[in-house]
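On a predicted model such as this, the values are computed, not experimentally measured, just so you know.
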Amino acid sequence: MNRIDTIFGLQTPILFAHRGGALEVPESTIKGFRHAIQNADTDVLELDVQLTQDGQFVVWHGPELHNVRIQGQSDRPKERRRTKIYHYDWQELEGKAWVADPEILSTPVHDRDLSKVPGDQDRCLMLLVDFLSLFPDHPLNIEMKKSFERKINDIDRKGLKHNIKTFIDILDAAPGNRRIVVASASDDRIDTFREISEERYPTNLSILEQLTLQLFTKKMKNRALETSYHELVSSRRIVEKVHGANGSVFVFLTEFGPLLPAIDEKIPSQKEIFDILDRGIDGIMTDRPESVRKIMDQWE
């Protein structure tokens, strides 16, 4: 059944482009997010944010850079001494780091050769502030990664609280008028973000809140259950319970831990998507937004 979800205010089911569509285009790039909007008619852009060594907020899942060609670094990732984004200052990556097509992911890391990755501007890694300016009106789901916990300096960026304060300042200053949901797999990150932001932004349910949901029901203002597509954690009963508490349920088709494998490594079947939507799910997050959009439109 179609409904207006309580988080984004959009008619369901909502399509999220995970990393812009990481199995269709170079992930987390201008090229990828434009594909998600223009070719997949994506409702919400999903992105991750990592911190560089000097504390810049970059749109990247990572933290590894195994599918990124970097000027001045070996084109064979196995030969690099620095492999993660927080091993670099932003000036080493700005305009010099280009994301490969998703086909490279089928090649084992130790066999990869990135020398043929085009040095196109729309493949470059980008700062969060630039992304927010380039896509000012599209709804967003932003995940804070573990590098938010890193110490940047001894003055104003000593760890998680300082980094989240700077992150919130960036979100507050962003142009446009759109809904932004902030998520994390860490309860500490989510709790800290809620405290500093004074709950001005919707967030995902913490792990503790997800466990509590199985036993109790309480109102979920500005809360979304973001979990796996698997019926074990997003059954019709759980969906109805979340809806009854005034929340929304968004599920990943991607891998959600070792026990819940991805179903969008290949193009999902109509039956797989229909079975998920029939439970009343509010939204689907996928690395294949163009393919999944076609199936979702058939269900509608």
Side-chain angles (χ1 to χ4, degrees), residues 1-18 20-21 33 36-47 132 135-143 171 174-184 190 193-194 197-206 209-210 212-213 216-231 233-254 268 270 272-286 288-300:
M1 178 183 297
N2 296 105
R3 65 189 288 266
I4 301 300
D5 96 287
T6 58
I7 301 297
F8 291 101
L10 299 175
Q11 180 172 302
T12 64
I14 298 167
L15 176 63
F16 295 70
H18 187 247
F33 292 116
I37 295 170
Q38 297 168 3
N39 300 334
D41 193 22
T42 297
D43 301 300
V44 179
L45 299 177
E46 192 278 344
L47 57 145
L132 292 170
F135 302 94
D137 300 312
H138 222 76
L140 305 176
N141 193 99
I142 304 177
E143 181 175 348
L171 296 184
N177 179 26
R178 35 69 188 300
R179 194 72 158 166
I180 299 176
V181 173
V182 176
S184 178
I190 281 295
F193 177 84
R194 289 174 181 168
S197 69
E198 298 180 337
E199 308 248 10
R200 285 182 287 111
Y201 294 90
T203 59
N204 67 315
L205 290 182
S206 68
E209 287 171 330
Q210 291 184 45
T212 304
L213 179 67
F216 307 102
T217 301
K218 67 176 183 177
K219 291 300 179 182
M220 290 170 49
K221 183 179 179 181
N222 279 346
R223 299 283 193 275
L225 173 60
E226 297 191 358
T227 188
S228 170
Y229 67 88
H230 200 285
E231 194 166 8
V233 290
S234 57
S235 66
R236 182 185 296 273
R237 181 189 69 81
I238 292 174
V239 171
E240 290 175 349
K241 195 168 188 179
V242 171
H243 287 174
N246 202 38
S248 295
V249 180
F250 307 132
V251 300
F252 291 84
L253 303 188
T254 57
Q270 184 183 86
E272 287 173 316
I273 300 301
F274 281 17
D275 285 349
I276 292 169
L277 295 176
D278 285 344
R279 296 182 222 149
I281 296 296
D282 296 292
I284 287 178
M285 303 195 191
T286 178
R288 297 186 184 273
E290 186 173 13
S291 297
V292 172
R293 166 59 74 195
K294 293 174 183 176
I295 301 173
M296 289 174 67
D297 286 348
Q298 294 171 12
W299 182 81
E300 290 182 322

Over all heavy atoms of both residues, which pair between Asn222 and Glu199 is shortest? Give the atoms and the distance, please. ND2-O, 4.0 Å

Working for salt bridge (Lys or Arg N to Asp or Glu O under 4.0 Å), residues Arg288 and Glu272: CA-CA 14 Å; Arg288 297 186 184 273; Glu272 287 173 316; over 6 Å; no

Within-4.5 Å side-chain heavy-atom neighbours: Ile273 and Met296: yes

Flag, side chain of Ser184 to backbone of Ile190, donor-acceptor distance under 3.5 Å: no

Taking Arg293 for its side chain and Ala40 for its backbone only, find out whether a donor-acceptor pair lies under 3.5 Å. yes

Check the pair Phe193, Thr203 against side-chain contact (heavy atoms from CB on, under 4.5 Å), reporting the backbone distance first and the verdict last. CA-CA 9 Å; Phe193 177 84; Thr203 59; 3.9 Å; yes

Please give me the minimum heavy-atom distance between Ile284 and Ile276, naming the atom from each residue. CD1-CG2, 4.2 Å

Test side-chain contact (heavy atoms from CB on, under 4.5 Å) applied to Phe16 and Asn141, step by step: CA-CA 8 Å; Phe16 295 70; Asn141 193 99; 4.1 Å; yes

Separation between CD (Gln270) and CG (Asp275), nearest 0.5 Å, reads 10.0 Å

With rounding to the nearest 0.5 Å, note down the distance linking CG in Asp5 to CG in Asp43. 9.5 Å

Can you give me the closest heavy-atom contact between Ala36 and Leu45, atom names plus distance? CB-CD2, 3.9 Å

Any chance you could lay out the side-chain contact (heavy atoms from CB on, under 4.5 Å) test for Asp297 and Asp41, step after step, and finish with the verdict? CA-CA 11 Å; Asp297 286 348; Asp41 193 22; 5.9 Å; no

Rounding to 0.5 Å, atoms CZ (Arg236) and CD (Glu231) come to a distance of 8.5 Å

Heavy-atom closest contact (Ala224 atom, Ile7 atom, distance): CB-CG1, 4.0 Å

Can you list the steps and then say if Val233 with Leu225 is a side-chain contact (heavy atoms from CB on, under 4.5 Å)? CA-CA 10 Å; Val233 290; Leu225 173 60; over 6 Å; no

Within a radius of less than 6.0 Å around CD of Gln298, do more than 12 heavy atoms belonging to other residues, nucleotides or ligands occur? yes

Heavy-atom distance under 4.5 Å between the side chains of Tyr201 and Ile142, does that happen here? no

Return yes when atom CG of Asn177 has more than 12 non-hydrogen atoms of other residues, nucleotides or ligands closer than 6.0 Å, and no otherwise. no

Is Thr42 reaching over with its side chain to a backbone N or O of Leu15, donor-acceptor style, under 3.5 angstrom? no

Taken to the nearest 0.5 Å, the spacing of Leu171 CG from Leu132 CG works out to 6.5 Å

Using side-chain heavy atoms (C-beta onward) and a distance below 4.5 Å, is Asn204 in contact with Val181? no

Of Phe33, Phe250, Phe252, the one forming a ring pair (Phe, Tyr, Trp, His ring centres under 6.0 Å) with His18 is Phe252

To the nearest 0.5 Å, how far apart are CD in Glu226 and CD in Glu46? 8.0 Å

The single option from Ile4, Asp282, Val44 that satisfies side chain to side chain contact (heavy atoms under 4.5 Å, CB included) with Leu10 is Val44

Shortest non-hydrogen separation from Phe8 to Ile14 and the atoms involved: CD1-CD1, 4.4 Å

Strictly distance-based, threshold 3.5 Å: is any side-chain N or O of Thr286 a donor or acceptor partner for the main-chain N or O of Leu253? no

Closest non-hydrogen atom pair between Gly280 and His243, with its separation: O-CE1, 3.2 Å

Nearest-0.5 Å distance that lies between atom OG in Ser206 and atom CZ in Arg223: 8.0 Å

